[in-house]
Number of protein chains: 2
Amino acid sequence: MKIGELAKRSGCSVQTIRYYEKEGLISAPARTGGNFRVYDSPALDKLTFIKNCRTLGLTLDEIKQLIMLQDSPGRPCEKVNGMIDEHIGIVKSRIIDLQKLHDDLKVLRQKCGQARTIEQCGILDELSPKSSI
Amino acid sequence: MKIGELAKRSGCSVQTIRYYEKEGLISAPARTGGNFRVYDSPALDKLTFIKNCRTLGLTLDEIKQLIMLQDSPGRPCEKVNGMIDEHIGIVKSRIIDLQKLHDDLKVLRQKCGQARTIEQCGILDELSPKSSI
DNA sequence: ATTGACTCTATAGTAACTATAGAGTGTAGG
DNA sequence: CCTACACTCTATAGTTACTATAGAGTCAAT
Ligand SMILES: [Zn+2]
Ligand SMILES: [Zn+2]
Ligand SMILES: [Zn+2]
Ligand SMILES: [Zn+2]
């Protein structure tokens, strides 16, 4: 199949596929006489794997590491497990940060109940430093 | 004060201050004979305002709008209030997305209890497409 | 022969900084 | 006076994972 069909089947855009190739996440496919990329179904599998990882928020570097790990099937998989654990930790702390942000924004919003003028806006007032003398 | 002191007092880095100036968020300050930037205390106030906004996740574009709004003190402040409301919405939905991600990652992690080989890793297995024939 | 859909490469843009390189300034100590 | 040191200057490139062109070429159908 050509790149357009691979894009449709994988859910990645055409440019993204070319980008992944440039970044070394997928290997360069065969070409037609007219220089078009041609992919087989293992290529679709590999791309789908990458897509699944991206959906879970793994970075391209991490995905690259996973792909490399898959080349030594006999080695223990602790690194894989560890990577997911680490990710869960990052996501958790991002959630905590956003929760705090959300609460702060709620408090800020309450400083200006109904419409006033810019001058009297409780939000702008709260954002402004009290004084820096 | 020079840029180093402003950086310390505001909590922004020196490069960030120069960047804000280039982006038009703060106005270009006076210069010494040796071409060093010199700031006064209103400049610190303005920078602190920006810092406060950034801490709440407002974009530089939004902050620019707030700064422009401050120039018409008599106008109503609905836009300010609306901006915060919109932000709260964005943060909320980001939290929801991350919660889902977190749950998905937890499920994925459970696919591989203890250490196995790469070949048998339940995580890699889950990430791999079943077949694309 | 020409249209239209598709593909190719190369390049620039996105957000908000961060990190240099290489040069100049200013001051305190010896 | 010289020099070491801390600070500042501009300009440029890098970060992440794409997205969006521009301009040219391919290919099948009409
Ligand atoms: Zn990670
Ligand atoms: Zn208001
Ligand atoms: Zn916003
Ligand atoms: Zn495992």
Side-chain angles (χ1 to χ4, degrees), chain A residues 1-26 28-39 43 46-67 83 86-87 90-91 94 97-98 101, chain B residues 1-26 28-39 43 46-67 83 86-87 90-91 94 97-98 101:
Chain A
M1 78 193 93
K2 277 182 290 177
I3 199 168
E5 193 186 339
L6 182 66
K8 255 178 221 156
R9 290 224 233 168
S10 67
C12 299
S13 77
V14 166
Q15 300 103 294
T16 297
I17 295 170
R18 290 197 279 243
Y19 173 71
Y20 286 167
E21 181 186 328
K22 190 159 67 86
E23 293 298 303
L25 276 122
I26 55 180
R31 300 278 184 137
T32 66
N35 200 32
F36 287 9
R37 291 170 177 85
V38 233
Y39 297 94
K46 277 165 196 161
L47 190 52
T48 305
F49 174 81
I50 294 171
K51 186 87 207 283
N52 289 341
C53 292
R54 288 295 298 137
T55 301
L56 290 168
L58 295 176
T59 65
L60 296 189
D61 262 355
E62 287 166 333
I63 297 170
K64 230 184 257 185
Q65 286 175 46
L66 287 181
I67 290 169
M83 191 182 285
E86 197 200 320
H87 242 289
I90 288 171
V91 171
R94 229 183 271 166
D97 288 352
L98 283 178
L101 194 57
Chain B
M1 76 193 93
K2 278 181 291 178
I3 198 168
E5 193 185 340
L6 181 66
K8 254 178 222 156
R9 289 224 234 169
S10 66
C12 300
S13 78
V14 167
Q15 300 103 292
T16 297
I17 295 170
R18 289 197 280 242
Y19 172 71
Y20 286 168
E21 181 186 328
K22 191 160 65 88
E23 293 298 304
L25 276 124
I26 55 180
R31 300 278 184 138
T32 66
N35 201 33
F36 287 9
R37 290 170 177 84
V38 233
Y39 297 94
K46 278 164 197 159
L47 190 53
T48 305
F49 174 81
I50 294 171
K51 185 88 207 284
N52 289 341
C53 292
R54 287 295 297 137
T55 301
L56 291 169
L58 296 175
T59 65
L60 296 188
D61 263 355
E62 287 166 335
I63 297 169
K64 229 183 259 184
Q65 286 176 46
L66 287 181
I67 290 169
M83 191 181 286
E86 197 200 322
H87 244 289
I90 288 169
V91 171
R94 229 183 271 164
D97 289 351
L98 283 178
L101 195 57

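Only heavy atoms go into these numbers, but all of them, side chains included; no hydrogens, no water, no symmetry mates. Chain identifiers are assigned alphabetically (A, B, ...) following the order of the sequence lines, protein sequences preceding nucleic acid strands; residue numbering begins at 1 within each chain.
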Flag side-chain contact, heavy atom, 4.5 Å: B/Met83 against B/Leu66 | yes
Toward the 5' end of DNA chain C, which comes first, A/Arg37 or A/Lys22, by nearest nucleotide?
-> A/Arg37
Do any side-chain nitrogens or oxygens of A/Tyr20 fall under 4.0 Å of OP1 or OP2 in D/dC18?
-> yes
CG of B/Leu6 versus P of D/dC9: gap in Å, rounded?
-> 11 Å
Return no unless some side-chain N or O of A/Thr16 is found under 4.0 Å from OP1 or OP2 of D/dT19.
-> yes
With sequence neighbours left out, the residues meeting side-chain hydrogen bond (donor to acceptor under 3.5 Å, both in side chains) with A/Gln65 are none
Length of the line joining B/Ile3:CD1 and D/dT10:C1', which is rounded to integer Å | 12 Å
Report the residues that fulfil side chain to side chain contact (heavy atoms under 4.5 Å, CB included) with A/Tyr19, sequence neighbours left out, ordered by chain and then residue number.
-> A/Glu23, A/Leu60
Name all residues meeting the side chain to side chain contact (heavy atoms under 4.5 Å, CB included) criterion together with B/Phe36; count only those two or more places apart in sequence or in a different chain, and write none if there are none.
-> B/Lys2, B/Thr32
Distance in angstrom units between A/Glu21 CD and C/dA10 C1', rounded = 14 Å
Taken to the nearest whole Å, OH/B/Tyr19 to P/C/dA15 is 8 Å
From OH (B/Tyr39) to CD (B/Glu21), nearest 0.5 Å = 5.0 Å
A/Glu23 has an atom CD; how far is it from atom P of D/dT19, in whole Å?
-> 14 Å
Note down the inter-axis angle between the two ends of the helix from C/dA1-D/dT30 to C/dG30-D/dC1, five pairs each, to the nearest 10°.
-> 30°
Taking OP1 and OP2 of D/dT19, is either one under 4.0 Å from a side-chain nitrogen or oxygen of A/Ser13?
-> yes
Rounding to a whole Å, what distance do you find between A/Leu47:CG and D/dC18:P?
-> 11 Å
Starting from P on C/dA16, measure out to CD1 on B/Ile17 and report it in whole angstrom.
-> 17 Å
Between the side chain of B/Thr16 and the main-chain N/O of B/Cys12, is any donor-acceptor distance below 3.5 Å?
-> no
Closest non-hydrogen atoms of A/Gly4 and A/Val14, given as atom of the first, atom of the second and distance, are CA-CG2, 4.1 Å
A/Arg31 vs C/dT9: side-chain N/O to OP1/OP2 distance below 4.0 Å | yes
Distance in angstrom units between B/Met1 CE and D/dA6 P, rounded | 23 Å
Measuring from B/Ile90:CD1 to B/His87:NE2, what's the distance to the nearest 0.5 Å?
-> 5.5 Å
Indicate every side-chain donor-acceptor pair of residues 50-59 of chain B with a distance under 3.5 Å to a residue at least two apart or in another chain.
| unit_1 | atom_1 | unit_2 | atom_2 | d |
| --- | --- | --- | --- | --- |
| B/Lys51 | NZ | B/Gly11 | O | 3.3 |
| B/Asn52 | ND2 | A/Leu127 | O | 2.8 |
| B/Asn52 | ND2 | B/Thr48 | O | 3.4 |
| B/Arg54 | NH1 | B/Leu58 | O | 2.6 |
| B/Thr55 | OG1 | B/Lys51 | O | 2.8 |
| B/Thr59 | OG1 | B/Glu62 | N | 3.1 |
| B/Thr59 | OG1 | B/Glu62 | OE1 | 3.3 |

Could you list the protein-to-nucleotides 20-27 of chain D atom pairs, N/O on both sides, closer than 3.5 Å?
| unit_1 | atom_1 | unit_2 | atom_2 | d |
| --- | --- | --- | --- | --- |
| D/dC27 | OP1 | A/Gly34 | N | 3.2 |

